[in-house]
Amino acid sequence: MHPGLRSPTLDGTTILVVDDSRTNLLFVTDLLRQAGYRSVHGVTDPREAVAQVRALQPDVLILDYVMPHLDGIGVIDALNASGLEVRPAIIMLTGKAERELRIAALERGARDFVNKPCDKHELLARVANTAQVQFLQRQLQQQNTLLEGMVAERTQRLQEAIDVLRQAERRLADALERSERENRDKSEFLANAAHELRTPLNAIIGFSEMIRDQVYGPLGDRRYGEFAGDIHQAGTHLLALVEGTLDLAKAESGRTQLEVRETDVGRVVADSVRMLRTMADGSGVKLTLRVPDEPLTIRTDPEKIRQIVLNLASNAIKFTPKGGQVSVEVAPGPGDGALIMVVRDTGVGIAPEDMATALRPFGQVRAAVQRPGQKGTGLGLPLTRRFVEMLGGTLDIASEVGRGTVVTVRLPADIGADADHRAAAVG
């Protein structure tokens, strides 16, 4: 029990009796004391009732209705206007015929009535019941107060925690915005730098090719031609690296614009594979194509489809040993008009622990197959994945070392009106 809570026993109940009749006052107070109530007080002047209630804080107030100067209703009104936090339970002493007065007292907060002249057994019973109810109500109020305090404290702690989380969220959002801005600035810088490098590289490649092929006559020593060939090969690789960096930087900075239109994907894939025949034949790799006989048309960017096919198929040829096979297959998706493209090879494969490296820009995985003039840039797979995501699709890789790799690309039937927004969001 709370330390400030009083028990509803005879010893713990305080009663105040207000009656202008001294005889009746003595009768009621003596009766209550004889019944065992230790704290019983009386007052004959109703104008002192509020002050006595304030001082004694009684549990029960027995109030005569008809009194001079201030009747029972007036005392109740004065108590209601006093602003007391602790209010007693009121038992009115009334005559049998005072029905309207009883209703008025009930409306103002009276708890019970006892008819005059008072029957002592009825009076004691009503006082005991009223005291018990009053005790339970006060106990409930104190428990509610304690509960409200606990709820308020926990609410405050919760609010403080929420404030901390909001501050952390704002800091994270600011950090993310700074990071995205820095990434965009970096990508734009790379794009500009790569663009500026292309012109001198093309000149180096062109002039080295002329020297290698001895366009204006023999060089004399054959080593000059070999050196020119080395320059041409290194320049070609560096140009591929610059071109890939430029494409990747554009994709990541959101500067890549998609040209979406009705596209016969089968024809685009077939044209792309045809461009790789010479590379496959020179590597001793069998390159096969399987596309539907009927046109397979979706709304997408055909140039991005071409780059996806060239990147995946050339990568497969590059890392497939002589005598191996590379296949490119295109088929409609299951029932939703989407498209599925699969590139399979019997190459060296990728170990599970190397998969993350292969998908990271400039990530190079050591391979057993390495042909002259076919050194990779480490941009093919990352750039391809960017293009697939820009087209609203997904790219999955399944690979086993020594047995080959299967790359599956799924593209939607219609990239939709938000293609440019998706392209920017991917970056």
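Given the structure is predicted, the values throughout are model-derived calculations rather than measurements. Both backbone and side-chain heavy atoms feed into the values below; hydrogens, waters and symmetry mates do not.
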* Structure fact -> CG (Asn24) and OG1 (Thr44) are apart, to the nearest 0.5 Å, by 12.0 Å
* To do: For the residue pair Ser399 and Val406, establish whether any side-chain heavy-atom pair is separated by less than 4.5 Å.
  => no
* Heavy-atom neighbours of Gln159 CD exceed 12 at 6.0 Å -> yes
* To do: Determine the minimum heavy-atom distance between Gln134 and Arg87, stating which atoms define it.
  => NE2-O, 2.8 Å
* Structure fact -> Contacts of Gln34 meeting side-chain contact (heavy atoms from CB on, under 4.5 Å) (sequence neighbours excluded), chain-then-number -> Asp30
* Pairing residues for Arg54 by the side chain to side chain donor-acceptor pair (under 3.5 Å) criterion, not counting sequence neighbours -> none
* Asked: By salt bridge (Lys or Arg N to Asp or Glu O under 4.0 Å), which residues pair with Glu262, not counting sequence neighbours?
  -> none
* Structure fact -> Heavy-atom closest pair (Ser272 atom, Arg306 atom, distance to 0.1 Å) is OG-CG, 3.1 Å
* Asked: In Å and rounded to the nearest 0.5 Å, what is the CD to CD distance from Glu160 to Gln156?
  -> 5.0 Å
* To do: Could you tell me the separation between the CG atom of Leu411 and the OG1 atom of Thr394, rounded to the nearest 0.5 Å?
  => 8.0 Å
* Beyond-backbone contact of Gln52 with His41, side-chain heavy atoms, under 4.5 angstrom -> no
* Asked: Could you state the interatomic distance from CD1 (Ile317) to NZ (Lys286), rounded to the nearest 0.5 Å?
  -> 14.0 Å
* Asked: For Glu294, does the CD atom sit with more than 12 other heavy atoms under 6.0 Å from it, leaving out its own atoms?
  -> no
* Looking at side-chain heavy atoms only, is the closest gap between Leu381 and Asn311 below 4.5 Å? -> no
* **Salt-bridge contact Arg274-Asp271 (side-chain N to carboxylate O under 4.0 Å)** => yes
* Asked: Are the side chain of Asp301 and the backbone of Glu259 linked by a donor-acceptor contact shorter than 3.5 Å?
  -> yes
* Asked: Can you check whether Arg261's main-chain N or O pairs, donor with acceptor, with Thr263's side chain at less than 3.5 Å?
  -> yes
* Looking at CD1 of Ile340 and OG1 of Thr408, how far apart are the two atoms once the value is rounded to the nearest 0.5 Å? -> 8.0 Å
* Residues in side-chain contact (heavy atoms from CB on, under 4.5 Å) contact with Glu329, at least two apart in sequence or another chain -> Arg290, Ser327, Arg344
* To do: Name all residues meeting the side chain to side chain donor-acceptor pair (under 3.5 Å) criterion together with Asp345; count only those two or more places apart in sequence or in a different chain, and write none if there are none.
  => none
* Structure fact -> So CG of Leu176 and CG of Leu172: to nearest 0.5 Å the spacing works out to 8.5 Å
* To do: Could you pull out the closest heavy-atom pair between Pro46 and Met67, with the gap in Å?
  => CB-CE, 3.6 Å
* Structure fact -> Sorted by chain and number, sequence neighbours left out, side-chain contact (heavy atoms from CB on, under 4.5 Å) with Ala105 holds for Tyr65, Ile73, Ile76, Met92, Ala110, Phe113
* **For Asp45, salt bridge (Lys or Arg N to Asp or Glu O under 4.0 Å) partners two or more places apart** => Arg47
* Going by heavy atoms in the side chains, are Val260 and Thr300 under 4.5 Å from each other? -> no
* To do: Begin with the C-alpha distance, continue with both residues' side-chain angles, and end with the deciding distance and a verdict on side-chain contact (heavy atoms from CB on, under 4.5 Å) for Gln325 and Thr320.
  => CA-CA 7 Å; Gln325 297 183 0; Thr320 297; over 6 Å; no
* Which residues satisfy the salt bridge (Lys or Arg N to Asp or Glu O under 4.0 Å) test with Arg267, sequence neighbours excluded? -> none
* Residues Val285, Lys322; criterion side-chain contact (heavy atoms from CB on, under 4.5 Å); working and verdict -> CA-CA 6 Å; Val285 175; Lys322 184 176 181 179; over 6 Å; no
* Asked: Is Thr130 reaching over with its side chain to a backbone N or O of Val127, donor-acceptor style, under 3.5 angstrom?
  -> no
* To do: Could you check Ile298 against Asp264 for side-chain contact (heavy atoms from CB on, under 4.5 Å), going step by step and ending with a plain yes or no?
  => CA-CA 7 Å; Ile298 64 174; Asp264 183 352; over 6 Å; no
* Asked: Charged N to carboxylate O under 4.0 angstrom, Asp396 versus Arg410?
  -> yes
* Asked: Please, which pairs that meet salt bridge (Lys or Arg N to Asp or Glu O under 4.0 Å) have at least one residue in residues 143-154, sequence neighbours excluded?
  -> Glu153-Arg157
* **Heavy-atom side-chain contact between Val407 and Leu395 under 4.5 Å** => yes
* Asked: Are side-chain heavy atoms of Ile90 and Leu79 found at a separation under 4.5 Å?
  -> yes
* Student check: side-chain heavy atoms of Ile62 and Leu93 closer than 4.5 Å -> yes
* Asked: Do you know the tightest heavy-atom contact between Gly347 and Pro321?
  -> CA-CD, 3.8 Å
* To do: Ignoring hydrogens and angles, tell me if any N or O in the side chain of Arg38 forms a donor-acceptor pair with the backbone of Arg33 under 3.5 Å.
  => no
* So, for Thr405 and Gly349, which heavy atoms are closest and what is the spacing to 0.1 Å? -> OG1-CA, 3.6 Å
* For Arg403, check salt bridge (Lys or Arg N to Asp or Glu O under 4.0 Å) against everything at least two apart and list the hits. => none
* To do: Sequence neighbours left out, what passes side chain to side chain donor-acceptor pair (under 3.5 Å) with Asp112? Give chain and number order.
  => Arg126
* Specify the closest pair of heavy atoms between Val330 and Pro292, including all atoms of both residues, with the distance to one decimal. => O-CD, 3.3 Å
* Please tell me if the side chains of Ile308 and Leu312 come closer than 4.5 Å, counting only heavy atoms from C-beta onward. => yes
* Kindly determine whether Thr288 and Val328 satisfy side-chain contact (heavy atoms from CB on, under 4.5 Å), including the steps that lead there. => CA-CA 6 Å; Thr288 60; Val328 180; over 6 Å; no
* Asked: Mind checking what makes side chain to side chain donor-acceptor pair (under 3.5 Å) contact with Asp64, not counting sequence neighbours?
  -> Lys116
